[in-house]
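The structure under discussion appears below in the form of structure tokens.
What's counted below: heavy atoms across the whole structure, side chains too, no hydrogens, waters or symmetry copies. So that the names make sense, note that chain A is the first sequence line, chain B the second, and so on, each numbered from 1.
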Protein chains: 2
Amino acid sequence: MLFCIGRCIHQLATLKEVAKLAKVDSSVVSRVVNNDPALNIKPETRKRILDAVEELKYRPNMSARNLKKGQSKMLGMIIPDFSNPVYSLIIHGAEDQAAQEGFNLLVYSLKQKGLEKSYSPLLDGQIEGLLIANSEIDNKEILELKKTKKPFMLVNRTVAGVDNYVVANDLLGAKLATKHLIKQGHHRIAHISGPLFTATGLSRFQGYREGLQEDNIDYIPVYVQESKYTVENGYESMEILLDLPDPPTAVFASNIMICLGAMKAIQDRGLTIPKDMSIIGVHDVFFTSTLQPPLTTVKMPLYEMGREAVKKLIAIIQGKEGETGQGVTIDGASLIVRSSTSPPPSK
Amino acid sequence: MLFCIGRCIHQLATLKEVAKLAKVDSSVVSRVVNNDPALNIKPETRKRILDAVEELKYRPNMSARNLKKGQSKMLGMIIPDFSNPVYSLIIHGAEDQAAQEGFNLLVYSLKQKGLEKSYSPLLDGQIEGLLIANSEIDNKEILELKKTKKPFMLVNRTVAGVDNYVVANDLLGAKLATKHLIKQGHHRIAHISGPLFTATGLSRFQGYREGLQEDNIDYIPVYVQESKYTVENGYESMEILLDLPDPPTAVFASNIMICLGAMKAIQDRGLTIPKDMSIIGVHDVFFTSTLQPPLTTVKMPLYEMGREAVKKLIAIIQGKEGETGQGVTIDGASLIVRSSTSPPPSK
DNA sequence: CTGTTAGCGCTTTCAT
DNA sequence: ATGAAAGCGCTAACAG
């Protein structure tokens, strides 16, 4: 049963074999392979070594290297769900940056919340740092993690007292959305917010409020519905808004999942978007332009967020930041106007 | 710059330390930790060891173990794109199965096609096996890979001459879709196929043909449009079908991306689904029920495919299959009827 | 039932 | 400018 393992992984040339072929010591090969700057090698010898490396198709054994150096070159990332397109983009950015810096990214989806165990087996040696892009993980657990001094990074979320985080400018994004609606002539603008214990939910709510404020539009509390970031919850929240005696003429959804649900609720009532109701959502993902009608969105720099988070995490791992990074806000929220928003029906 | 690495990864107890605390040799600890079945240990000693493990929070160093055993416990997976929801589901299944068997899954998205280099650095030691869920990779490259004898597995695709693959019953799924349309009373049924050099595209085309055949519906070649698995191509193909002098009354889209594009093309013409045109697509992903109208789909066992692929790959790695697996077809295609299909407009 | 030992492949200090 | 040697933490064959 195990007889194959040796064959499968090894059979690759080792340093020693390369050394023998090049007639030098393996330590020299190691230095050449690693481009040791403090190495003064005869060009001829170097060539001989490089040729041997080429001939034997030598590739360093990572386990050995990692063992020796006490590293693993692996990063972990926790997301709530692989099918969530918001996270797809973050992962993509994280992946690219990790690869660029020679790290591997292990992505775990955390279905069951409250799984505090999820990171401890991870951090206890396997991986060098952890990206947490998951609003369902309790603040408490993250504070606990912080005590361990292990490198980690919050992505698209924050926790009071933790300043290793990368977020987007949610406030700006939300304000952009709200002001777009106002500019279209809406006054009765609802907001289906995300959970208001999350940074994204809160910032977008704040952006909505500030947007209204700056244009002197009355804030009507009942127009704000707090919702989880799910299609189902978005649907329910929209229904509540539609049942209001004086329903809004436009709605700003805090997230694409919510937005999807809200659109459906509107259309299930036989209402037409944008004639009867304008709608705008946060996150421009691959299918927003194909919805009916094509959705006006706020595009957040999700890919960049993933990249930046990995960059900072690696910096922390390598001690470049005194182990404690600074919170980073990635700008670049932009409005993408399509057909789900229009002026309100004239009275 | 590197001073932290030691602290970050180690500072974990080693076998030796546990051994010292438990007053035994480290090899005994190793055996206990690994549940060596051929170990006849005094219950008391075992307890002493387990207590020490607990106290020092010992966790095996994977690099050391892997180095010793000549393994890496890592699997690679190549997908075309993280945002494609079809792959999200496959990844999810693969991830679960890998975790269950103690393997880590590294997922790479391969944007630039033709990157034959992509697997060679991977397979040359870092990972023990590779899942290829990517129809853009040339058959040639895969045949090349096969020669290396490295464990790999094709997921949701095939290559002539390679029998390590896991696919779904695409033929059945397509037949289900086609027959559903026929049962609704359609005779002029179009098919926007996937690329006909891919197994999925071909099988679904075949299912469509067989479905028509079994119910004695004439096959009209011009009703078949070959398309890439993209929204844009689906859109274009649908436009061609709509421009036909005698356009179809129903269309079966080979894939969800195509379907999305086709729906948009239909609606952009001012036509109503399903009144003017019925549409059904392969792949039931998270947003299909929220489309307008909710989409009738064929649900393929994508999650299971991911699981099964990893299971077989690991079996191959461990030499359980004489290194060469058998092609596996996962059944379980099922029709999910929603509102995008209805009887054709009566003449 | 438990300990001794060798060595996986690599890096790195120290010696030449 | 290159080599020798030690050792990272673990496992497994062999001894006792």
Self-check item: Short side-chain N/O contact to D/dT11 OP1/OP2 from B/S30, under 4.0 Å
Solution: yes
Quiz item: Are any side-chain N or O atoms of B/N34 and backbone N or O atoms of B/D36, one a donor and one an acceptor, separated by less than 3.5 Å?
Solution: no
Quiz item: Expressed in angstrom and rounded to an integer, what is the separation of A/L67 atom CG from C/dG9 atom C1'?
Solution: 9 Å
Practice problem: Rounded off to whole Å, could you give me the NZ-to-P distance for the B/K73 and D/dT11 pair? | Solution: 12 Å
Self-check item: d(NZ, A/K16; C1', C/dC8) in whole Å
Solution: 10 Å
Quiz prompt | Side chain of A/L39 (C-beta onward), nearest among D/dT2, C/dT12, C/dT2 | solution = D/dT2
Self-check item: First encountered from the 5' end of DNA chain D, between B/D25 and B/A64
Solution: B/A64
Practice problem: Determine yes or no for a side-chain-to-main-chain donor-acceptor pair under 3.5 angstrom, with A/Q318 supplying the side chain and A/A315 the backbone. | Solution: no
Quiz item: Given atom CG of B/N40 and atom P of C/dT2, what is their separation to the nearest angstrom?
Solution: 9 Å
Quiz item: Is any side-chain N or O of A/T45 closer than 4.0 Å to OP1 or OP2 of D/dT2?
Solution: yes
Self-check item: Under 3.5 Å donor-acceptor pair, A/S27 side-chain atoms to D/dA4 base atoms
Solution: yes
Quiz item: Ignoring hydrogens and angles, does a donor from either the side chain of B/K68 or the base of C/dG7 sit under 3.5 Å from an acceptor on the other?
Solution: yes
Quiz prompt | First encountered from the 5' end of DNA chain C, between B/R46 and A/V33 | solution = B/R46
Quiz item: Any donor-acceptor pair under 3.5 Å between the side chain of A/R31 and the base of D/dG3?
Solution: yes
Quiz item: Nearest-Å distance, CG (B/N34) to C1' (D/dC10)?
Solution: 9 Å
Quiz item: Given C/dT11, D/dA12, D/dC10, which nucleotide is nearest the side-chain atoms of B/K69?
Solution: D/dA12
Exercise. Please confirm whether the backbone N or O of A/L75 pairs with a side-chain atom of A/E128, one donor and one acceptor, at under 3.5 Å?
Key: no
Quiz prompt | A/Y58 or B/P43, whichever maps to the more 5' nucleotide of DNA chain C | solution = B/P43
Practice problem: Mind calculating the distance between NZ (B/K42) and C1' (C/dT2) to the nearest angstrom? | Solution: 9 Å
Exercise. Quickly work out the A/L15 CG to D/dC8 P distance and round it to whole Å.
Key: 19 Å
Quiz item: If only atom types and distance count, is the side chain of B/R46 paired as donor or acceptor with the main-chain N or O of B/V32 below 3.5 Å?
Solution: no
Practice problem: Tell me what B/I41 touches on the nucleic acid: a base, only sugar-phosphate, or nothing, going by heavy atoms under 4.0 Å. | Solution: sugar-phosphate
Quiz item: Atom CZ of A/R65 to atom C1' of C/dT12: distance rounded to whole Å?
Solution: 13 Å
Quiz item: Going by distance alone, is a donor N or O of one side chain under 3.5 Å from an acceptor N or O of the other, for B/D96 and B/Y303?
Solution: yes
Quiz prompt | C/dC10 OP1/OP2 closer than 4.0 Å to side-chain N/O of A/N61 | solution = no
